[in-house]
Amino acid sequence: MQNLLHNLNPEQLAAVTLPAQPALILAGAGSGKTRVLTTRIAWLIQTGQVSPGGILAVTFTNKAAKEMMTRLSAMMPINTRGMWIGTFHGLCNRLLRAHYRDAALPQTFQILDSQDQLSMIKRLLKANNIDDEKYPARNLMYFINGAKDQGLRAHDVEAFDDYNRKMVELYEIYDQQCQREGVVDFAELLLRTYELLSRNQPLREHYQARFKHILVDEFQDTNNLQYNWLKLMAGTQGAVFAVGDDDQSIYAFRGANVGNMSAFEREYKVENLIKLEQNYRSHGHILDTANTLIANNTKRLGKNLHTDAGHGEQVRIYESTSDLQEAQWIIEETKSLIAEGGTRSEIAVLYRSNAQSRVIEHALFSAGIPYRVYGGQRFFERAEVKHAIAYLQLMDNLHNDSAFLRVVNFPTRGIGARSLEQLQDAAKQYGISLYAAVPYVAGKAGSSLGAFVKMIEGARFESQHLPLPEMVQVVLDASGLITHYQNEREGADRVENLEQLVSAATLFVSEEGFGHDAPALLGPKSEQMVGPAITTLDGVEVLDADAPLPAVMSPLSAFLSHASLEAGDNQAQAGQDALQLMTVHSAKGLEFDAVFITGLEEGLFPHENSQKEEGGVEEERRLMYVAITRAKRRLYISFSQTRMLHGQTRYNMKSRFFDEMPEESLKWLSPKVQQQQHHSYAHPKAAWEDALGAGSNKIAQAITKVDIGWRIGESVAHAKFGEGVIVNIEGSGGSARAHINFGRHGMKLLDLSIAKLDKVPG
DNA sequence: TAGTGCGGTGTTTTT
DNA sequence: CACCGCACTA
């Protein structure tokens, strides 16, 4: 116990040892949030206030859940079994598996990932002859997910116009189709669990009584449904220990509601509000920069981070003429950091959007600097793996039409659009799944479809007693996937990934405690599977506190859930000492010795789309706050005068965020570029070739426009709109007009003979 | 039915 | 620039 609590600062200690009451912990970046969470769990258990089975700890990512588990087992001798630590979705999956009948789901229900969901919606639009220009699949998906995230079923959504009435109607059709196929999307996992518990009082009371302590990580990221889910789990008396940071709320665009923090404080009459403001990560100048920037936001709960670490180095600001040059500069700085003894994996390059990574990657590649890009495609999302998974899904649940369509003609078996049309008609006519409709299709189409069904059934028969990894192998062979990729010229990697799927299954089976010879598929007596883990209390069936996964799911079902809920690592060579490239979003929760934040330009960061949205710029500012607070010792921020985006050069102004950072903490680097740029006024052509690369049309344009006194890319000042950059010039002489990007004031088309513009020296 | 080429489009992302 | 969906041809 001494060990457990020593080294905590007074606020951390206070948080860890709070009584069993609702508590809100405002945990600033780098303030030891995870430490507080895990130490509290350990403390609660070690002081005998709660048994492991009384703990429910919820996170957003699998990584965070794993991290918590790891730290806990390092902290405590006892095993972590019986504790429910997981993501919202993982925990809901477990509950729904245990109570699948009450939740009106088939025992082998499957989880759609976003890709699957989108393709299902596209299919649905087609089947119902909906104009997908008017109702784009993506919009419908946002609509459905948005509604579900608010806890609303189709009939709960109020539609005030025809457009929305149609959307609601499609939402209803979508849900029916999911139910027919026995599939649930991510939001459905939560909504279904929420409905299950809210309708079933005994069940709800059971879990409320069991979970004496509910701990929530990243509370600022909860959406309304998640918050309501928590309230349902906690009941009115629940000891909810919510940890979050309103300044790091960067997921409003996907339904996160920071307002849940103050709602929680109000609704639960939280008396225990603790702020963790001592930062153990960053040096003073970095922290000052973050604090000063975020102070520009109006809607804050209020918090100011401080450090004992001393000022450290100033934040280095760099202006480049082009994105290429920005990348080149990153490489030079990286090299000197390494030369000074830095480690590549302790250096991160952050950007606002993924499109920015290409230029940087290219430069790093040419320079021979190892790097790792986060957020790329992950293992279970790769096409070949998804195909293999779809075969497995189909074998576990023959009514999964999405899985059926994905693989029915892959590898190609002569089943084309015509055949599938017939099949879909039959399925619609009888209200059955595609698989079940196969016997109703006659002729040539019928026989090739029949052969497919035979293949699936053969594989099912062959693997009915086999453990999971062997079943996967059977599927890979029987489906012809392996052969297909072996014959493909560039298929070697894909074959390797398919083989890795077998290894992944082996690892999964042993990690989750399934017997090595446990059959992957549900046997004929499968209905009893849930037996041993379910206890009947006063006529209510509830899941045993420490029921392991095998008690509620077959190995195959569990593996398929795992594939949907944990997309796996992205391929990049982990472990190797490589530079870390990622979006600012994916950097949340991480820290590095040195950080580059790139592309600090109006329109990019803050992103142009954020201007239109209510509170959008504040969210961008929080995003920048997150980015800054990733850095421990050294921080670089860069922006570029020109940038290639979507195949054309854009001229942006530097980000407004520069005006919101403390001048004394910034060090403006004066690179060679600046001199070149000044030089360029005398020799515009040379500068433009430099910036854009020879041969660009823009160079010619830039030069021919010199005669009217202005050129593309030049900075100007306007009395009303402030500073701007000339993006394009049309016409010539007295009738010339210029498109000028005034950043936050937007793009304006001004008549050059009328508008009063001043030159702004570079 | 299967493979090629054109045009439209384009934040951020975890589950 | 790169990806996707669609239309067209063998």
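Given the structure is predicted, the values throughout are model-derived calculations rather than measurements.
With respect to Glu326(A) and Arg643(A), a salt bridge is recorded, a charged nitrogen being found less than 4.0 Å from a carboxylate O. Glu218(A) has a carboxylate O that lies under 4.0 Å from a charged side-chain N of Lys33(A), or vice versa, which qualifies the two as a salt bridge. For the pair Lys299(A) and Asp246(A), the salt-bridge criterion is not met [side-chain N within less than 4.0 Å of a carboxylate O].
Annotation: of the two residues near DNA chain B, Ser353(A) and Leu565(A), the 5′-most nearest-nucleotide partner is Ser353(A). The 5' end of DNA chain B is approached more closely, in terms of each residue's nearest nucleotide, by Gly416(A) than by the other of Gly416(A) and His585(A).
Separating the CD atom of Gln377(A) from the P atom of dC3(C) is a distance of 11 Å, rounded to the nearest angstrom. What separates CZ of Arg138(A) from C1' of dC3(C) is a distance of 12 Å, to the nearest Å.
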Anything under 3.5 Å between a protein N or O and an N or O of nucleotides 7-10 of chain C, put it in a table, one pair a line.
none

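Looking only at side-chain heavy atoms (C-beta outward), Phe109(A) and Leu189(A) come within less than 4.5 Å of each other.
Take Phe592(A) and apply the ring-ring contact (aromatic ring centres under 6.0 Å, His included) test, not counting sequence neighbours, and it matches no residue. Shown here are the salt bridge (charged side-chain N to carboxylate O under 4.0 Å, His left out) partners of Lys444(A), two or more places apart in sequence or in another chain: there are none.
Looking at heavy-atom distances under 4.0 Å, Lys588(A) makes no contact with the nucleic acid at all. Nucleic acid contact class of Asp185(A) (heavy atoms, under 4.0 Å, all strands): none. Thr412(A) comes within contact range of the sugar-phosphate backbone alone, with a heavy-atom separation under 4.0 Å but no base atom that close. Contacts of Arg418(A) with the nucleic acid, taken as non-hydrogen atoms under 4.0 Å apart, involve only primed sugar atoms and P, OP1 or OP2. Residue contacts for Asn354(A): at a heavy-atom cut-off of 4.0 Å it reaches the sugar-phosphate backbone alone, with no base atom in range. Here Phe88(A) lies out of heavy-atom contact (under 4.0 Å) with every strand. Within 4.0 Å of Gly647(A), counting heavy atoms only, lies at least one base atom of the nucleic acid.
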Determine, step by step, whether Asp396(A) and Ser557(A) satisfy the side chain to side chain donor-acceptor pair (under 3.5 Å) criterion, reporting the C-alpha distance in whole Å, the side-chain angles of both residues, the deciding distance to 0.1 Å, and the verdict.
-> CA-CA 7 Å; Asp396(A) 201 31; Ser557(A) 287; 2.9 Å; yes
Please walk me through it: do Asn260(A) and Thr222(A) pass side chain to side chain donor-acceptor pair (under 3.5 Å)?
-> CA-CA 7 Å; Asn260(A) 286 341; Thr222(A) 50; 3.0 Å; yes
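Aromatic ring pairs are classed by plane angle as parallel below 30°, tilted from 30° to 60° and perpendicular above 60°; the pair Tyr251(A) and Phe253(A) is tilted. Note on ring orientation: taking the six-membered ring where Trp is involved, the planes of Phe508(A) and His562(A) are tilted (angle from 30° to 60°).
Its glycosidic angle being more than 90° from 0, dT12(B) falls on the anti side.
When DNA chain B is scanned in the 5' to 3' direction for atoms under 4.0 Å from non-hydrogen atoms of chain A, the outermost contacting nucleotides are dT1(B) to dT15(B).
Within residues 608-616 of chain A, the residues having any heavy atom closer than 4.0 Å to DNA chain B are, in order of number, Asn609(A), Glu613(A).
Among pairs with a residue in residues 142-152 of chain A, those fulfilling salt bridge (Lys or Arg N to Asp or Glu O under 4.0 Å) read Lys148(A)-Asp175(A), Lys148(A)-Asp185(A), Lys148(A)-Glu188(A), at least two apart in sequence or across chains.
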